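Working notes, structure below.
This structure is a prediction, so every number in the text was calculated from the model and none was measured.
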Amino acid sequence: MWTKAVPAISLIGIVLSLPGPTKRYDGHSVLQILPKTIENVHQLIALSQKYHLDIWKSPRFLNDTFDVRVDPEQVISFVHDIESLGLKPTHWIKDVQKLIDEALPGRSRRATSFNIGAFNGHNSINTYLDSLSTNSRVSVHTMGHSYEGRTIKYVKISNNVGSGKKAIYADGGIHAREWLAVSTVLYMIDQMANNPSNDRTIEALLGKFDFYFAPVVNPDGYEYSRSHDRMWRKNRRPVQHGCTGVDLNRNFAYHWNPDNGGSHNPCEEVHSGTHAASEVETKVLQNFLCGNSNFIAYLNIHTYGQYWIYPWGYTPVLPADYRDLDHLGRAAATAIRHTHGTTFTVGEDTRVLYAAAGGADDYAKGACGVKYSYTVELRDTGRYGFVPPSSYIAPAGEETFAGFKAFATELVHYEHL
Ligand code: 0X9
Ligand code: ZN
């Protein structure tokens, strides 16, 4: 299995040359298509389903693009079908495998040290989290265990002054291939726990909130995307012969509905599960989200597309307090833009992105009453999509953390905390 007992002493100073994931994507391209009509959008989705393609991004309005990964055997006939709709695809990413290989040097290769600027494995992440418990502000906890038995950990960061403070919780890695979400949560943990640049805002926020972070809530999927298939999205429970995994972000027990942006089919990328909260990882996260009545805000961090969006994902009807969520989302987006110029779109899930029921953000707000619940889709808008280079780790961490601080600071003012 994934844990291989290697005597740590023999690894000191040795740089391991880790192989990439075994499944290869040579010649796979990501096509970008601009639909001209709403009918085109439906035709593109239908065509992608016919070819069983991996949709990377659905258009949210008419002038928005559709990104889809196509393998070399299908590309000619898929492009032909698209052209017969009167549309012209561009080969946005020419070779997905090349991007995967380019990102590999950014994986953590040293067995003996933890590099916050690399894409780290789940074991090293847990070891790193454990090591933070020597910091008096940090306590390390187990949220639960995954289907394959991995420990899902979270940290609580608190200045330990006062009690009953409101709390903010952020997590990453619910979708296996979204490695930048994991590295960004780790970046935020490091900043909040160690405050390396002596930032007064961090100290002020610790006076107002307790912070909770879980970098990898789908560890089986995450490890599988590192070792076998870089494009893996779901968890790793075998659901049906030949088809593994449930999309955890379609599996939450609040208006769960596979016919609304998910799927009954276990072979699909967005399989919603056999019933609401059928997956152990979902149950663990649900219990955690509803188990702490101090939670006032939740960020479920994903890639990609640059969105800071809020419920509902199951309906275009806005929540009654949507103005509050929108206001704080905008505070975050402004701070992000001021960091590296990255522009985030703020709005409701369904209106800004697409309808998808059973998401973690809807559950936190609808079932647990966490008022400020968001999905945050990090950079970029498709240049690298799900396969960012390791050079994205630092700027994504910096801009997201700037957004996070601005969000939390505005929350203090807005809610008179
Ligand atoms: O489809 C998703 O789960 C998210 N996008 S991603 O590309 N990272 O897969 C968006 C989820 C938005 N929230 C809800 N629909 N509830
Ligand atoms: Zn995602």
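Applying the side-chain hydrogen bond (donor to acceptor under 3.5 Å, both in side chains) test between Y298 and each of T375, D171, D361 identifies D171 as the sole match. When each of N300, T303, D247 is paired with H175, the side-chain hydrogen bond (donor to acceptor under 3.5 Å, both in side chains) condition holds for D247 and for no other. Among E410, K208, K371, the single residue meeting the side-chain contact (heavy atoms from CB on, under 4.5 Å) criterion with E415 is K371. Under the salt bridge (Lys or Arg N to Asp or Glu O under 4.0 Å) test applied with D54, the options R233, R230, R69 reduce to a single match, R69.
For Q286 (side chain) and A277 (main-chain N/O), no donor-acceptor pair under 3.5 Å exists by modelled atom type. Without hydrogens or angle criteria, N160 side chain to S136 main chain gives a donor-acceptor distance under 3.5 Å. Judged by distance alone, with hydrogens and angles left aside, the side-chain atoms of S124 form no donor-acceptor pair with the main-chain N or O of F114 at under 3.5 Å. Put simply, the side chain of T350 gets close to the backbone of W312: a donor and an acceptor are under 3.5 Å apart. In terms of modelled atom types and a separation under 3.5 Å, the side chain of D95 and the main chain of G27 share a donor-acceptor contact. Remark: the backbone N or O of I157 is not paired with any side-chain donor or acceptor of R137 at under 3.5 angstrom. Remark: the backbone N or O of R337 is not paired with any side-chain donor or acceptor of T342 at under 3.5 angstrom. A donor-acceptor pair is defined here as one N or O able to donate and one able to accept, closer than 3.5 Å; such a pair exists between the side chain of H122 and the backbone of T151. In this structure, Q306 contributes its side chain and F344 its backbone to no donor-acceptor pair below 3.5 Å. Panel note: side chain W256, backbone S272; a donor-acceptor pair is recorded below 3.5 Å.
Residues that satisfy the side chain to side chain contact (heavy atoms under 4.5 Å, CB included) test with D326, not counting sequence neighbours, are Y310, R330, V346. Applying the ring pair (Phe, Tyr, Trp, His ring centres under 6.0 Å) criterion to F66, with sequence neighbours excluded, gives no partner residue. Every residue two or more places apart in sequence or in another chain was checked for a side-chain hydrogen bond (donor to acceptor under 3.5 Å, both in side chains) with N265, and none qualifies. Residues that satisfy the ring pair (Phe, Tyr, Trp, His ring centres under 6.0 Å) test with W92, not counting sequence neighbours, are absent from this structure.
Residues Y372 and I296 form a side-chain contact, since some pair of their non-hydrogen atoms from C-beta on lies under 4.5 Å apart. No side-chain heavy atom of K166 sits less than 4.5 Å from a side-chain heavy atom of L411. Side-chain atoms of E178 and N218, non-hydrogen and from C-beta on, never get closer than 4.5 Å to each other. In this structure the side chain of I116 reaches within 4.5 angstrom of the side chain of Y128, judged on heavy atoms. Looking at V96 and M231, their side chains come closer than 4.5 Å, going by heavy atoms from C-beta outward. Residues W179 and P388 form no side-chain contact, since every pair of their non-hydrogen atoms from C-beta on lies 4.5 Å or further apart. Within the 4.5 Å cutoff, the side chain of V246 has no heavy atoms near those of the K234 side chain. Annotation: side chain of L44 is in contact with side chain of L87 (closest heavy-atom distance under 4.5 Å).
In this structure, CG on L47 lies 13.5 Å from NE2 on H42, to the nearest 0.5 angstrom. To the nearest 0.5 Å, the span separating CD1 on I152 from CG on L285 amounts to 8.0 Å. The distance from the CG atom of N120 to the OH atom of Y222 is 6.5 Å, given to the nearest 0.5 Å. A distance of 7.5 Å separates CG of D210 from CG of N294, quoted to the nearest 0.5 Å. Taking CG from N135 and CD1 from I189, the interatomic distance works out to 12.0 Å, rounded to the nearest 0.5 Å. If you take NE2 on H52 and CD on E269, they are separated by 12.0 Å, rounding to the nearest 0.5 Å.
In terms of heavy atoms, S146 sits closest to D220 at OG-OD1, 2.7 Å. Between S48 and V68, the closest heavy-atom pair is OG-CG2, 3.9 Å. D64 approaches Y307 most closely through the heavy-atom pair OD2-OH, 4.3 Å. The shortest non-hydrogen separation linking L180 to L378 is O-CD1, 3.6 Å. When all heavy atoms of L129 and V155 are compared, the closest pair comes out as CD2-CG1, 4.0 Å. Of all non-hydrogen atoms in A214 and V217, the two that sit nearest each other are CB-CG1, 3.9 Å.
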Are F404 and I168 close enough, and set up right, to give a side chain to side chain contact (heavy atoms under 4.5 Å, CB included), and what steps lead you there? CA-CA 10 Å; F404 181 78; I168 300 179; 3.8 Å; yes
Kindly determine whether L299 and W308 satisfy side chain to side chain contact (heavy atoms under 4.5 Å, CB included), including the steps that lead there. CA-CA 9 Å; L299 307 182; W308 195 293; 3.8 Å; yes
Carefully, step by step, assess F119 and I393 under the rule side chain to side chain contact (heavy atoms under 4.5 Å, CB included). CA-CA 8 Å; F119 295 118; I393 295 173; 3.6 Å; yes
Determine, stepwise, if the pair D229 / Y25 fulfils side-chain hydrogen bond (donor to acceptor under 3.5 Å, both in side chains). CA-CA 9 Å; D229 182 354; Y25 288 91; 2.4 Å; yes
Quick one: do Y354 and V41 satisfy side chain to side chain contact (heavy atoms under 4.5 Å, CB included)? Show the steps, please. CA-CA 12 Å; Y354 43 73; V41 176; over 6 Å; no
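A salt bridge (Lys or Arg N to Asp or Glu O under 4.0 Å) check over residues 275-291, counting only residues at least two apart or in different chains, returns the pairs R237-E279. Pairs passing the salt bridge (Lys or Arg N to Asp or Glu O under 4.0 Å) check and including a residue from residues 393-403, sequence neighbours excluded, read R379-E399.
Classification of D199 and K405 as a salt-bridged pair holds, one side-chain N sitting under 4.0 Å from a carboxylate O. The pair R200-E203 does not meet the salt-bridge criterion, since no charged nitrogen lies less than 4.0 angstrom from a carboxylate oxygen.
The environment of K98 atom NZ is sparse: at most 12 non-hydrogen atoms of other residues, nucleotides or ligands sit within 6.0 angstrom.
Side chains of N251 and S278: a donor on one and an acceptor on the other come within 3.5 Å. Side-chain contact annotation: D71 with Y51, donor-acceptor N/O pair under 3.5 Å absent.
Taking the six-membered ring where tryptophan is involved, the planes of Y314 and Y254 are perpendicular, since the angle between them exceeds 60° and thus also 30°. Ring pair F209/F211 is perpendicular by interplanar angle, where above 60° counts as perpendicular and below 30° as parallel.
With ring centers used as reference points, F295 lies under 6.0 Å from Y212. A distance of 6.0 Å or more separates the ring centres of Y169 and Y154.
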